[in-house]
Amino acid sequence: MEHTQSEINAVQLRYTGVGVSPGRVIAPLIPMAPPVAAPPEGDPLVEEIDGAVERLNDAATAVKAELKERAERARSEAAAEVLKATSLMAGDKALIKNAVKLVRNQSLSPERALWDAATGYADQMRTMGGYMAERAADIEDVRARIVAELRGMPAPGVPQRVEPFVLAAEDLAPADTAVLDPDTVVALVTSSGGPQSHTAILARNLGLPAVVAANGVTDIESGTSVFVDGSAGSVVTHPGAEHEQAVAAWHEASEQLANFDGRGALADGTEVALLANVGTADDAQAAAAAGAQGVGLLRTEFCFLGRDTEPTVEEQTEAYIEIFKAFGSDKIVVRTLDAGADKPLPFLTDTTEPNPALGVRGYRTDWTTPGVLARQLQAIAAAADQTEANVWVMAPMISTAGEAEHFAGLVHAAGLKVSGVMVETPAAAITAEQILDRVDFVSLGTNDLTQYTMAADRMLGSLAELNSPWQPAVLRMIERTAAGAHAASSTSGMHKNVGVCGEAAADPALAVVLVGLGVDTLSMSPRSLAAVAAVLSRVDPEQARTVAQTALDSTSAQEARDTVRAQLPVLEELGL
Amino acid sequence: MAERTATVASRVGLHARPAAIFAEAAGEYENLEITIRSDGEGAEDGMDAASVLSLMSLGAAHGDKVVLAADGDGADEALDHLVSIIETDHDAE
């Protein structure tokens, strides 16, 4: 009876956000489980002691087994390591012993006893500082999981299910995304987070439809069937026949977009090399398999993250060789270490900075910790020597032509030939000509360039509209950079390549605008290559320039996007 | 009571992966109560060697000396094996 009643009451509700990764699906929506609240201080034992101890042991064993099982089917080795380590903590003999002691001697409830015992360890780790302090969060995660298990509540974080579902959350943190299983999570919807949030980046990497900044989606009741459209940015509850048709139409169109033939070009044959953003050796293999014409952004943080000391030159060399080998003699653009801000490293960055996004990050860490960059360049050069790869090297977070000149000096001293810099700051964009008088190429990091041009934090959902690469001001920065490159090319008689390696390049409509603004190459998540290639192949250079001009002349990101999309009917045709 | 002194070989010290490997190995000897403490501390400060949290709170860095102790059948063999784990640089593997 109850079931029928709820069906009668089902009202179709529509939520609108920003579509950040294309695709249409219908599946039940499951929200991220809420954080676990602490049991009250001194919460008394209200059950028989032996039974309480048994419950405690059972809960810890269950959590340990669940984490271990998840470690075994984790997608990456790094995620497996984290899960394995937390699984060991959940079954830790000393932790359980301390908690049992609190139950027996102080008559605390098993929930509070476990909470206190785990907090003791977490606090101890925190006072030790550095790497150990970071492990305190792992202990607190285990603490929450065991307490949730004792209460018979869902474990905090990403729900673990066998059936496909749409995951709803306020926003996803990198730690959540590491444990997300793309076989069961079929779409992501968030109430917060912008187009450049971790959620958006992850969704594009996994090829999952995603809508961000859709206010209210976290209030949808768990299990409600929803339709998600990752292009239109809409989420609709209790979908009807028209939504089922839309899903079917997407499936048909997406078959056309399944493959990239390895050659990016406009309708008239003008080449626009389409490259991949890569962060690990696995990524490199996947990118090569997807037909990428090289690597436009090799993030080297994978060598450094999760360590509290610098990796040796030999270790780094080996890691780079593994990646270079995947691409034969193709171009590989290596970005030197980009630590700081959202990617702190204990041996390089100062986490007490009041404003890390404007702090010592990227290339600037060479001022505070000189030597790390030179050794990294040495390792890149050694790897380049031992492979066929056409290696280009660029520095992140450059603000002046002087910095670019100094970096080029380091690159050449290491024996590498091609040097470049990222354009992520308005300062670099408006001095592109002077910068390119000193280096061979630039690559636009549109995520940071947007954040710094618009003075809007990438992670804030409330600023999603400002934090869009469609903002005319950001497009003008790109135009200015391309113009600077053009001027520097004329002066030097050498072509100075302008690439884009930010998330903007993965949006097929924006890709047309970028080419129209004078960008030479686009680098993106391999999943997006086929869609971008399909759209570019239907546009000629003149049309790209016209489209770009309308975007520049718009008064807002929304207007720029809408007017550009209206001029490119191929997008609708392909369901993009 | 059998005892051994070992020097931590892993560059990150006795935490993270090296601690996990060691705690798992110590946990395999279910019939033995194996303890670990910093060199110079009294035997009563020994902590459960099979507890990864205890190992982490020990805070043993690269080059630090730790003392392992155990009592019972097979204690000597167990400790020899565990010493070899501590004296391996797991970070380099």
Side-chain angles (χ1 to χ4, degrees), chain A residues 60 64 67-68 71 77-78 80-99 101 114 117-143 146 305-312 314-315 318 346-347, chain B residues 8-38 41 43-64 66 68-72 78 82 85-86 88-93:
Chain A
K64 177 181 181 176
L67 291 169
K68 191 168 169 226
E77 213 173 299
E81 283 280 327
V82 171
L83 286 164
K84 205 175 152 205
T86 39
S87 145
L88 279 178
M89 287 180 190
D92 194 276
K93 280 163 70 184
L95 171 67
I96 306 303
K97 212 188 210 172
N98 288 350
K101 220 184 274 172
L114 189 280
T119 308
Y121 281 109
D123 289 350
Q124 203 177 345
M125 301 292 160
R126 207 159 265 136
T127 56
M128 290 165 82
Y131 172 88
M132 300 303 276
E134 289 170 35
R135 300 284 74 75
D138 297 346
I139 299 173
E140 282 161 357
D141 179 53
V142 164
R143 176 181 75 182
I146 300 178
L305 287 177
R307 312 190 40 138
D308 52 359
T309 53
E310 182 190 346
T312 64
E314 291 72 26
E315 281 174 275
E318 242 172 78
F347 56 93
Chain B
V8 177
S10 288
R11 251 167 303 137
V12 297
L14 196 52
H15 46 83
R17 213 163 78 86
I21 291 169
F22 179 81
E24 253 189 329
E28 308 247 310
Y29 301 100
E30 281 172 21
N31 56 335
L32 288 176
E33 189 93 350
I34 304 169
T35 65
I36 186 167
R37 62 180 194 268
S38 296
E41 283 184 343
E44 68 284 357
D45 289 327
M47 292 188 290
D48 189 342
S51 157
V52 70
L53 291 173
S54 299
L55 293 176
M56 287 165 75
S57 61
L58 194 66
H62 171 77
D64 283 358
V66 294
L68 300 174
D71 217 351
L82 294 175
I85 291 177
I86 288 187
T88 304
D89 181 2
H90 296 282
D91 210 38
E93 281 174 7

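Numbers restart at 1 for each chain; the letters A, B, ... are given by sequence-line order, proteins then strands.
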Which bit of [X] is near chain B, if near means a heavy-atom gap under 4.5 Å: side chain, backbone, both or neither?
X       : value
A/Ile96 : neither
A/Met89 : both
A/Ala94 : both

Which pair of heavy atoms, one from [X] and one from [Y], lies closest together, and at what distance?
X       : Y        : result
B/Ala50 : A/Lys93  : CB-NZ, 4.0 Å
B/Met56 : A/Met125 : CB-CE, 3.4 Å
B/Ser57 : A/Gln124 : CB-NE2, 3.1 Å

Atom NZ in A/Lys84, atom CD1 in B/Ile21: separation rounded to 0.5 Å?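 Atom-to-atom, A/Lys84:NZ and B/Ile21:CD1 are 7.0 Å apart.
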As an exercise, state the distance from CG of A/Leu95 to CG of B/Leu53, rounded to the nearest 0.5 Å.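 Spacing of CG (A/Leu95) from CG (B/Leu53) equals 6.0 Å.
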Can you establish whether the number of heavy atoms outside A/Glu140 located under 6.0 Å from its atom CD is more than 12?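 Atom CD in A/Glu140 is packed in, count exceeds 12.
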Would you say CD of B/Glu41 has more than 12 non-hydrogen atoms from neighbouring residues, nucleotides or ligands within 6.0 angstrom?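 Atom CD in B/Glu41 is packed in, count exceeds 12.
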Between B/Ala20 and chain A, with a heavy-atom cut-off of 4.5 Å, which part of the residue counts as in contact: side chain, backbone, both or neither?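 For B/Ala20, backbone and side chain are both near chain A.
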